[in-house]
Amino acid sequence: METSYCPACDQQVEQDLSLEGTYVLIGCGLCGLGLGIKPATADVIRRMTASESSETDGSALGRVGVVKRQVTLSPAVEKRGPPDPRSDDQPVTERAGLPSSGSKELRKMKRVFIVEDANLLRQIVKDLLSERNLFDEVIDCEDGESFVEAYAKSLADGIRPGLVVLDINMPRLDGMDAALAMRAIETAMDIKRRTPILFFSTRVSDDSFKAFLREIGSARYIRKGEDGDSERLGSRLLAVLERLIGG
Amino acid sequence: MSTQRILIAVSKDIADAARPSLESAGLGVEPVYVQDGVRGLTAFVKLLRVRQPPLLVVLDASHDRLPSTRAARAMRAVERGFGIEAVPILFYTTDAADESMKGSLAQLGRAVHLKRPEDATLAEQSIRMTKAIAKLLQKVRG
């Protein structure tokens, strides 16, 4: 059996997965996320599930669980309807440690920050999120320094953002420094519940980065992968955000 | 009158060596010591919150987490976010005063760099730092 790894955090696949087309969405034990693994790997898993899932609850698949729900990860994601209420999937938000869709916390998700130095991608993500009405307000920042300023201003104005999507490689102040600064500000302002961070970057998740995520707390990572197409990247990110907040 | 403070985010050895000379210098300020850039930023924001910004921030570059210029950028960003005036910053680092440092100083504004002599003893380094702090405080106080 081929071992599969979460493309978001490189953990081995442990939980449920969903298949459609050439993409596989994986919820892994560490990050609760995961995005389109290679088609060849998807084919292997699809064959495994096709031959075994009709007779088993998935435990026979070893580290790979049973298929529970199909998820499309394509540029047409914005046309997708609401999640199937019959699905028995555990909400990704619970695994990821982020506020679940039904909680009061989620209702407070008024503001999201998109921090990305690639102008086109930033604008696409901002437009997609605005169109989908997932948040009341989408604020975009082109580097870590302008984000820290906007974040401090937001807290000073009494508005605690619901989510921060952070690129890592950025000029002036990179995403990791910005996250450290963010946590320092929260500590100084006695904010007990940390604003969730979703790192969205080309960086490969190694042990030091995983340790960094643990240190930062309430943070998850999605790898951009090698796809340089801003529209596809924006759609992928939107798909994850929709799953995170149950949109 | 509220206590005037300076924030000193430097490595422990320099901080320990500097305490006596700072105390004996009679600067009329209470030093707040922290040992890395993240703690420095936390202490900085705490002081801003209680509307008692430090008179001066001293930063060195040996921190693993948010080294000096990055911590300073974050501090400047917080100042702008809170809408307050920039606090003077003294970089006391072993870095050369090269173009990169000059560029950072120009971007940050109200910031100066003093080279920390690596070959000097800790006592000598701390005295140099204390003298620079005294001089800057004199300027700040007009």
Side-chain angles (χ1 to χ4, degrees), chain A residues 111 113 115 117 139-161 164 166-192 194-195 197 207-209 211-219, chain B residues 5 7-9 32-54 57 59 61-87 89 91 100-111:
Chain A
R111 179 175 284 182
F113 281 96
V115 190
D117 64 329
I139 296 181
D140 63 314
C141 304
E142 64 182 14
D143 58 46
E145 189 177 328
S146 59
F147 161 68
V148 173
E149 177 182 344
Y151 189 72
K153 184 174 188 318
S154 185
L155 296 181
D157 291 343
I159 301 171
R160 195 169 73 82
V164 174
L166 261 180
D167 185 16
I168 293 179
N169 298 314
M170 292 184 292
R172 294 163 72 85
L173 205 61
D174 70 25
M176 293 168 74
D177 286 339
L180 286 170
M182 200 179 141
R183 294 297 186 235
I185 294 167
E186 289 170 348
T187 301
M189 297 184 77
D190 293 325
I191 295 171
K192 305 292 180 208
R194 295 169 168 183
T195 302
I197 301 172
D207 286 344
S208 71
F209 187 66
F212 173 79
L213 289 181
R214 283 192 291 273
E215 179 196 343
I216 286 291
S218 197
Chain B
R5 295 184 176 86
L7 178 58
I8 303 179
V32 176
Y33 296 97
V34 290
Q35 283 166 21
D36 65 43
V38 172
R39 289 192 182 95
L41 181 60
T42 303
F44 184 73
V45 176
K46 278 184 179 175
L47 291 173
L48 299 190
R49 272 192 82 195
V50 295
R51 300 178 191 281
Q52 292 179 10
V57 173
L59 293 169
S62 60
H63 311 139
D64 294 337
R65 308 187 316 155
L66 278 188
S68 56
T69 51
R70 280 138 65 185
R73 282 185 187 282
M75 286 175 182
R76 288 288 184 254
V78 171
E79 287 166 343
R80 290 193 298 273
F82 286 179
I84 66 159
E85 196 180 341
V87 172
I89 295 174
F91 291 106
S100 165
M101 175 57 81
K102 286 175 186 168
S104 294
L105 295 177
Q107 283 179 4
L108 291 165
R110 298 198 86 188

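Note that these values count all heavy atoms, side chains included, but never hydrogens, waters or copies made by symmetry.
Ranked by heavy-atom pairs under 4.5 Å with chain A, the list Arg49(B), Lys46(B), Arg39(B) is led by Arg49(B).
Contact annotation for residues 73-81 of chain B against chain A (heavy-atom separation below 4.5 Å, listed by residue number): Arg73(B), Ala74(B), Ala77(B), Val78(B), Arg80(B), Gly81(B). Heavy-atom proximity under 4.5 angstrom to chain B picks out Leu173(A), Asp177(A), Leu180(A) from residues 173-180 of chain A. The interface of residues 182-192 of chain A with chain B, defined by heavy-atom distances below 4.5 Å, comprises Ala184(A), Ile185(A), Thr187(A), Ala188(A), Met189(A), Asp190(A).
Atoms CD and CZ, from Gln107(B) and Arg172(A) in turn, are 5.5 Å apart once rounded to the nearest 0.5 Å.
Shown here for Ala152(A) and Phe82(B), the closest heavy-atom pair between the two residues is O-CE2, 3.3 Å.
Remark: Arg5(B) engages Glu30(B) in a salt bridge (charged side-chain N to carboxylate O under 4.0 Å, His left out) (not counting sequence neighbours).
At most 12 non-hydrogen atoms from other residues, nucleotides or ligands lie less than 6.0 angstrom from CG of Asp207(A).
With a 4.5 Å cut-off on non-hydrogen atoms, Ala181(A) touches chain B through its backbone and its side chain both.
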